[in-house]
Amino acid sequence: MKRLAVLMSLAMISPALAQTKPGTTEPVSAVQEDAESRADPFRDPGRTLPYLAYTLGQLHYLAYACEGSDAQHWRARMIELLQLEAPISGYRRERLIDAFNDGYQVEQRSRVRCGAEAEAQRRNLARRGAQMSQALLNEVLD
């Protein structure tokens, strides 16, 4: 239940952008499922969680750089994600932390100044984060 609450809060990053896919009752073949997975990278939670952590790292850098050191919202979301998905030390936790740090560092290297471009990037990242969160939520609800 706690996992559902955090996924719902992550999905609300940009609620107007979150889309739910219509369900189907027809069985899906392995080939068709693999093709769908390639077409929709958010379909595989094993890939989506690190990608979400990476996106949170990017968002955290932008907030930190443009709003100051008190901007810890995205870092707090990452901590929530870790508490739910990887509460104990191990490969999965390290993978998520590394992805968060990579996202932060990549954004740090590419972002020179704040302004309209940085704000547009933040909106795009928030939209992507909302899509991933919704995909994970859909997996939980299915």
Side-chain angles (χ1 to χ4, degrees), residues 1-111 114-142:
M1 188 60 157
K2 186 176 176 186
R3 179 179 183 182
L4 181 62
V6 171
L7 288 175
M8 295 268 306
S9 69
L10 287 171
M12 291 184 184
I13 291 170
S14 181
L17 300 172
Q19 301 290 318
T20 55
K21 295 182 181 180
T24 179
T25 57
E26 296 178 28
V28 178
S29 71
V31 173
Q32 184 181 4
E33 188 171 298
D34 187 46
E36 287 177 7
S37 181
R38 281 192 305 265
D40 183 2
F42 306 145
R43 203 171 154 82
D44 177 8
R47 292 188 315 185
T48 304
L49 282 172
Y51 195 38
L52 178 58
Y54 183 91
T55 302
L56 290 172
Q58 289 178 288
L59 284 163
H60 178 57
Y61 174 75
L62 287 171
Y64 182 83
C66 297
E67 298 171 22
S69 61
D70 289 338
Q72 297 293 313
H73 175 76
W74 300 112
R75 183 175 176 272
R77 293 292 177 122
M78 178 62 187
I79 291 169
E80 290 175 18
L81 184 66
L82 287 172
Q83 288 171 343
L84 281 175
E85 298 296 337
I88 57 174
S89 294
Y91 173 75
R92 185 175 190 164
R93 185 177 182 88
E94 293 303 316
R95 185 174 176 208
L96 294 176
I97 291 169
D98 288 346
F100 179 86
N101 291 337
D102 288 347
Y104 183 97
Q105 292 167 356
V106 165
E107 200 62 37
Q108 184 179 37
R109 284 191 297 268
S110 66
R111 186 68 46 214
C114 298
E117 182 182 319
E119 189 56 37
Q121 176 72 355
R122 286 169 64 169
R123 282 192 306 273
N124 288 336
L125 290 169
R127 182 179 305 117
R128 186 172 71 197
Q131 290 169 340
M132 287 183 277
S133 297
Q134 186 64 48
L136 290 167
L137 181 59
N138 289 344
E139 288 291 321
V140 170
L141 296 176
D142 283 344

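Source: prediction; values computed, not measured. Atoms considered below: every heavy atom in the structure, side chains included; atoms not considered: hydrogens, waters and symmetry mates.
- Note: Asp102 CG to Gln108 CD = 12.0 Å, rounded to the nearest 0.5 Å.
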- [ ] Begin from the C-alpha positions of Met78 and Leu96 and carry the test side chain to side chain contact (heavy atoms under 4.5 Å, CB included) through to its verdict.
- [x] CA-CA 9 Å; Met78 178 62 187; Leu96 294 176; 3.9 Å; yes
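- Considering OH of Tyr61 and CG of Leu125, their distance stands at 13.0 Å, rounded to 0.5 Å.
- The line from CZ of Arg47 to CE of Met132 is 12.5 Å long, rounded to the nearest 0.5 Å.
- Side-chain contact of Gln134 with Asn138: a donor-acceptor pair under 3.5 Å is present, judged by distance alone.
- Of all the heavy atoms in Ala118 and Cys66, the pair that sits closest is CB-SG, 4.2 Å.
- In summary, the side chains of Arg77 and Gln72 do not present any donor paired with an acceptor at a separation below 3.5 Å, with no hydrogens or angles considered.
- Considering Tyr104, Trp74, Tyr54 in turn, Tyr104 is the only one that fulfils the ring-ring contact (aromatic ring centres under 6.0 Å, His included) rule with His60.
- In this structure, Leu136 CG and Leu84 CG are separated by 11.0 Å, a value rounded to the nearest 0.5 Å.
- Nearest heavy-atom pair, Pro50 versus Ala99, reported as atom, atom and distance to 0.1 Å: O-CB, 3.2 Å.
- Between the side chain of Arg93 and the main chain of Ala86, a donor-acceptor pair closer than 3.5 Å is present.
- Heavy-atom neighbours of Arg75 CZ from other residues, nucleotides or ligands within 6.0 Å: at or below the threshold of 12.
- From Leu49, atom CG reaches atom CG of Leu81 across 6.0 Å, with rounding to the nearest 0.5 Å.
- The environment of CD in Glu119 is crowded: more than 12 heavy-atom neighbours from other residues, nucleotides or ligands sit within 6.0 Å.
- Between the CD atom of Gln105 and the CD atom of Gln58 there is a distance of 12.0 Å, given to the nearest 0.5 Å.
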